[in-house]
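Since this is a predicted model, take the numbers as computed values, not measurements. A, B, ... follow the sequence lines: proteins, then strands. Residue 1 opens every chain.
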Amino acid sequence: MSEKKIYKPKPVSGFPEWLPQIRRIEQHWFDHIRSVFESYGYCSIETPSVEELDVLAAKGEVDKEIYVIERLHKEDDDKEARLALHFDQTVPLARYVAQRFNDLDFPFKRYQMQRVWRGERPQAGRFREFYQCDIDVIAVDNLPLHFDAEVPSIMIEILQGLDVGAFQMQLSNRKILMGFLAGLGITDSVDVLRAIDKKDKIGGDDGVRKLLHSTTSLNDQQIEKIIGFTHIKTPDSSFVEHVRTLGVAHETLEQGLNELAFVMNNLQHIDAGLVVADLSIVRGLDYYTGTVYETRFLDDPNYGSICSGGRYEDLAGSYINKHLPGVGISIGFSRLFDYMRLKNKWNPVRKTPTDILVVLPSEDRRAHAAETARILRHRGFCVELYHADQKLAKQLGYAEKKGIPYVWFPPFDDGGAHEVKDMTNGAQNKVDPMTWNAS
RNA sequence: GCGGUCGUAGCUCAGCGGUAGAGCCCUCGGUUGUGGUCCGAGUUGUCGCGGGUUCAAAUCCCGUCGAUCGCCCCA
């Protein structure tokens with residue numbers, strides 16, 4: 001007798017996995033998202049999990065926490081390129097488009113639903129491995145502004161279809177904020193952007209005032225203009241008038257106002273309250289140069305954005321000598337899914353796709369039962385044949401535990417009738433496998 | 001990387017100096033071709049890991065690892 005060594009597995013923080021019944025829901029979500037993307041003519045691509053570190057770092061230093069991969073048995077003098085797991089899908093897209101520029105047709109509209117990895121400390125709504133569902137449109141030299149309204153429309157349609165509760169997408173345009181600050185004579189904007197971005201967390205207007213006083217040399221008048229600016233929030237293009245009353249003028253500001261007004265005017269078909277122009281949206285210090293999007297739950301705005309993105313004037317400039325503007329938006333699938341899972345405390349019944357469990361009456365009836373299962377399968381049902389010659393109570397119990405909605409009794413003797421039992425109400429009837437349908 | 005909380009059975013947890021517990025789950029049974037309820041029986045633990053204090057540690061102390069929440073950052 002040898003002692004069995006057991007390595008007791010622990011959950012790996014930030015790498016979620018689900019039971020089959022939750023995974024089923026996740027798959028339905030993916031199906032829904034895919035079908036909406038495709039209904040707008042977006043095509044699917046998939047890129048490798050890894051990119052060369054040089055690709056990820058092409059825009060300069062990588063400030064994100066990324067996972068580098070290497071072989072366990074690598075030699076010390078290994079010369080192969082260093083690889084890293086991608087931390088988003090935009091950088092891989094840029095590389096993909098640059099590399100296949102000749103073979104793609106523009107505007108290139110693609111969707112991508114893959115895992116991405118970040119080494120940050122996990123917490124509620126934040127994982128180290130998670131899914132993002134991206135759509136982007138890339139064009140050569142000129143990308144019509146209509147797309148800036150199309151991509152958020154698509155995402156809102158998806159979120160409504162998933163029944164995720166009350167949410168709101170906030171839109172702004174980088175040029176408005178940057179132009180506004182430039183018009184105020186502010187050149188070094190990083191600290192200001194950070195203060196505006198953190199407004200909700202640092203205690204609203206007073207928090208912003210304090211932070212701006214301590215990190216910048218702005219005067220009270222400038223600070224009050226900024227505070228007033230961050231309050232501008234309208235369901236349509238009327239934000240333009242509000243900005244005008246602040247009396248700041250700048251060419252970039254004007255351009256941004258026109259662009260965002262255009263986008264808002266093209267979103268008026270969306271149900272009231274779902275989209276709003278909100279000039280306090282900063283969207284990090286990323287590569288966005290125009291429209292930016294952010295989406296939050298109304299009853300839990302601090303949870304983090306569940307759907308965001310924006311326009312970038314030159315997506316692939318680091319990889320190809322072409323001018324390729326793009327606009328894209330991404331659903332934080334895992335963040336959204338986990339939120340709904342915890343909030344709704346899903347208790348799904350079905351643990352398997354099986355619609356019908358075919359009973360095995362006895363070992364010598366197996367061939368006949370298997371034939372019944374085949375007939376039902378060809379008619380489009382998901383069918384399993386019970387695996388062993390066991391008491392019917394046991395077979396019924398199996399269907400019950402797995403949440404299989406129907407149990408099928410093939411004839412127990414030659415010439416007998418088929419019967420099907422509806423497990424939800426116990427009703428059992430004589431039926432024909434060629435014509436029966438689930439109620 | 002920095003703080004707060006928490007690690008006991010597969011799961012949820014009780015026990016908080018004196019021989020490891022409950023509920024759930026799981027397995028079997030309550031006779032012949034029918035689940036959920038009920039009843040009975042049974043299996044399951046390096047009390048996260050290492051050290052210290054003590055006659056005695058799951059229990060007190062220190063360390064460590066892990067999880068979790070928050071900060072930074074972000075989907």
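Partners of L19(A) according to the side chain to side chain contact (heavy atoms under 4.5 Å, CB included) rule, which considers only residues two or more places apart in sequence or in another chain, are Q21(A). With sequence neighbours excluded, no residue satisfies ring-ring contact (aromatic ring centres under 6.0 Å, His included) with Y42(A). In terms of the ring-ring contact (aromatic ring centres under 6.0 Å, His included) criterion, F108(A) has no residue partners (sequence neighbours excluded). Under the rule for a ring-ring contact (aromatic ring centres under 6.0 Å, His included), the partners of H387(A) that lie at least two apart in sequence or sit in another chain are Y398(A). Here T289(A) pairs with nothing under the side chain to side chain donor-acceptor pair (under 3.5 Å) rule; sequence neighbours left out. Under the salt bridge (charged side-chain N to carboxylate O under 4.0 Å, His left out) criterion, D163(A) pairs with no residue at all, not counting sequence neighbours. Qualifying salt bridge (charged side-chain N to carboxylate O under 4.0 Å, His left out) partners for E17(A), counting only residues two or more places apart in sequence or in other chains: none. Considering only residues two or more places apart in sequence or on other chains, R24(A) meets the salt bridge (charged side-chain N to carboxylate O under 4.0 Å, His left out) condition with none of them.
For RNA chain B, none of the residues of residues 21-32 of chain A falls under the heavy-atom distance limit of 4.0 Å.
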Review item, nucleotides 5-7 of chain B N/O atoms under 3.5 Å of protein N/O:
none

N/O donor-acceptor pairs under 3.5 Å from side chains in residues 426-437 of chain A, not counting sequence neighbours:
{"from": "Q428(A)", "atom 1": "NE2", "to": "E419(A)", "atom 2": "OE1", "distance (Å)": "2.6"}
{"from": "D432(A)", "atom 1": "OD1", "to": "M434(A)", "atom 2": "N", "distance (Å)": "2.9"}
{"from": "N437(A)", "atom 1": "OD1", "to": "R379(A)", "atom 2": "NH2", "distance (Å)": "3.4"}

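The six-membered or imidazole ring of Y303(A) lies near that of Y339(A), with a centre-to-centre distance under 6.0 Å.
Not a single donor-acceptor contact under 3.5 angstrom links the side-chain atoms of R121(A) to the base of C69(B).
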Worksheet item: What one-letter contact string describes nucleotides 27-33 of chain B from 5' to 3', where B marks a base within less than 4.0 Å of any protein heavy atom, S marks contact via sugar-phosphate atoms alone, and - marks no contact?
Response: SS-S--B
